[in-house]
Amino acid sequence: MSSHYNQNINGWIILDKPQGISSNQALRKIQYLFHAKKAGHIGTLDPFATGVLPLAFGEATKLIPYLEGTEKTYEFTLKFGTATTTADTEGEISETSANIPTLEQIQNILPQFIGEISQIPPKYSAIHINGERAYDLARKGKEFEIPSRQITIKELTLLNTRLEQKEADFRVTCSKGTYVRTLGTDIAVALNTCGHLTALRRTKNGFFDLSHTILLDNLKNMLYKGDGVSPLKPVETFLCDITVIALTKEQTLKLKSGQMFDSADLIPFEDMAAACFENKLIALIGTKENKVFPIRVFNL
């Protein structure tokens, strides 16, 4: 790393990722703007997709493993009658069909996609096959199989149809690891036709939604103006989904040095809680055999 990345910046930027850049490119751009030493993101979005991309800086990166598995919500537009190699607008047309479903047919098949379903991720995806990314193999024209995986679709709603334009809009809430492009093509196949996505937008990632987001251009403007308003959300932003426990000074010192103490001294909690002192996040804590122990300690 060059000396450019030398700032200890802690917190979140919830980016509304623009189309045409990868999640990693978006992260690096903002890391560069902040000169931030440490950065990471939660849940990759394809270059084709837009929407909620939580970026973590400094101490916030310690929370990524605990937030990665959260549910996500997407809105997408499916175009019937043409399939592409990438299942979105970036690929070549690979198949056509004259069969365009009716509104009633679409509504009738949606229930079969709700619940736990099996899905084969697209060949143009970031999945590793024998140490290489699937999209690299696909671009080289290599033959390979991707194993199917179990995913969960919690909700799938038809929002709108423009069947004269062969299009329908949907909203889906799904588990980690769901490929919405594949869901779109699978819906088309179930309707006895083919299809591809012409738009894909993530509206929610865990508890982060579009209301928390900032556009890349607005972020640049804020940083160049330098009027003292920080676009960074504090590391504690994620705490709305977790039990928060206030510590005494003595307990804080114990956790900071990696020590355990009696759980009888705290309000009971399940699995994991956030321990704070004077509204600052000190640690993620767990309990075992009546003892509280630190899972991750923060240096804020």
Side-chain angles (χ1 to χ4, degrees), residues 14-27 41-55 68 70-95 101 106 110 113-114 117 119-127 133-135 138 146 149 151-163 165-191 193-206 208-216:
I14 314 305
L15 185 68
D16 185 344
K17 187 189 86 62
Q19 202 172 359
I21 62 171
S22 72
S23 296
N24 210 36
Q25 285 168 325
L27 177 68
H41 62 75
I42 299 175
T44 306
L45 282 176
D46 291 331
F48 163 74
T50 66
V52 181
L53 181 67
L55 308 177
E68 264 180 334
T70 52
E71 253 179 21
K72 298 170 177 68
T73 300
Y74 298 87
E75 291 183 2
F76 63 98
T77 300
L78 177 57
K79 190 171 185 82
F80 297 107
T82 33
T84 69
T85 49
T86 55
D88 57 30
T89 53
E90 302 197 329
E92 310 286 313
I93 291 178
S94 56
E95 193 190 338
I106 298 170
L110 291 188
F113 290 97
I114 292 169
I117 63 168
Q119 193 184 60
I120 298 174
K123 297 229 160 160
Y124 283 86
S125 64
I127 284 179
R133 291 206 183 269
Y135 54 66
I146 299 184
R149 49 165 72 182
I151 54 148
T152 304
I153 305 281
K154 190 174 166 185
E155 275 175 59
L156 178 60
T157 313
L158 177 64
L159 298 174
N160 195 359
T161 55
R162 295 175 296 286
L163 293 176
Q165 288 156 343
K166 307 179 184 177
E167 284 187 342
D169 302 327
F170 300 86
R171 182 190 300 117
V172 62
T173 298
C174 51
S175 64
K176 175 190 175 176
T178 301
Y179 280 92
V180 183
R181 287 177 295 157
T182 299
L183 177 65
T185 49
D186 290 350
I187 288 171
V189 168
L191 288 161
T193 181
C194 59
H196 70 280
L197 263 55
T198 58
L200 174 59
R201 182 157 176 74
R202 183 155 67 200
T203 56
K204 208 163 186 281
N205 185 345
F208 295 119
D209 62 35
L210 286 169
S211 71
H212 299 119
T213 59
I214 185 166
L215 293 164
L216 191 54

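Heads up: numbering here begins at 1 and tracks the sequence.
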Short question: side chain of Thr85, backbone of Glu92 - any donor-acceptor pair under 3.5 Å? yes

Applying salt bridge (Lys or Arg N to Asp or Glu O under 4.0 Å) as the test, list every pair that has at least one member in residues 179-190; sequence neighbours left out. Asp46-Arg181, Asp88-Arg181

Using a 3.5 Å distance criterion without hydrogens, assess whether the side chain of Arg171 forms a donor-acceptor pair with backbone atoms of Thr157. no

The test is salt bridge (charged side-chain N to carboxylate O under 4.0 Å, His left out); show your working for Glu167 and Arg162 and say whether it passes. CA-CA 5 Å; Glu167 284 187 342; Arg162 295 175 296 286; 3.0 Å; yes

For residues Leu15 and Ala26, report the shortest heavy-atom separation together with the two atoms involved. CD2-CB, 3.7 Å

Ile14 side chain near Pro54 side chain, heavy-atom distance below 4.5 Å: yes

Under 6.0 Å between the ring centres of Phe170 and Phe76? yes

How about CD1 on Ile93, more than 12 heavy atoms from neighbouring residues, nucleotides or ligands closer than 6.0 Å, or not? no

Heavy-atom nearest pair, Ala188 first then Leu78, reads N-CD2, 4.4 Å

Could you check whether any side-chain heavy atom of Tyr179 comes within less than 4.5 Å of a side-chain heavy atom of Arg149, counting everything from C-beta outward? yes

Can you name the residues that form a side chain to side chain donor-acceptor pair (under 3.5 Å) with Thr193, not counting sequence neighbours? Ser97

No-hydrogen, no-angle side-chain donor-acceptor test under 3.5 Å, Thr198 and Thr89: no

Rounded distance (nearest 0.5 Å) linking atom CG of Leu183 with atom OG1 of Thr178: 8.0 Å

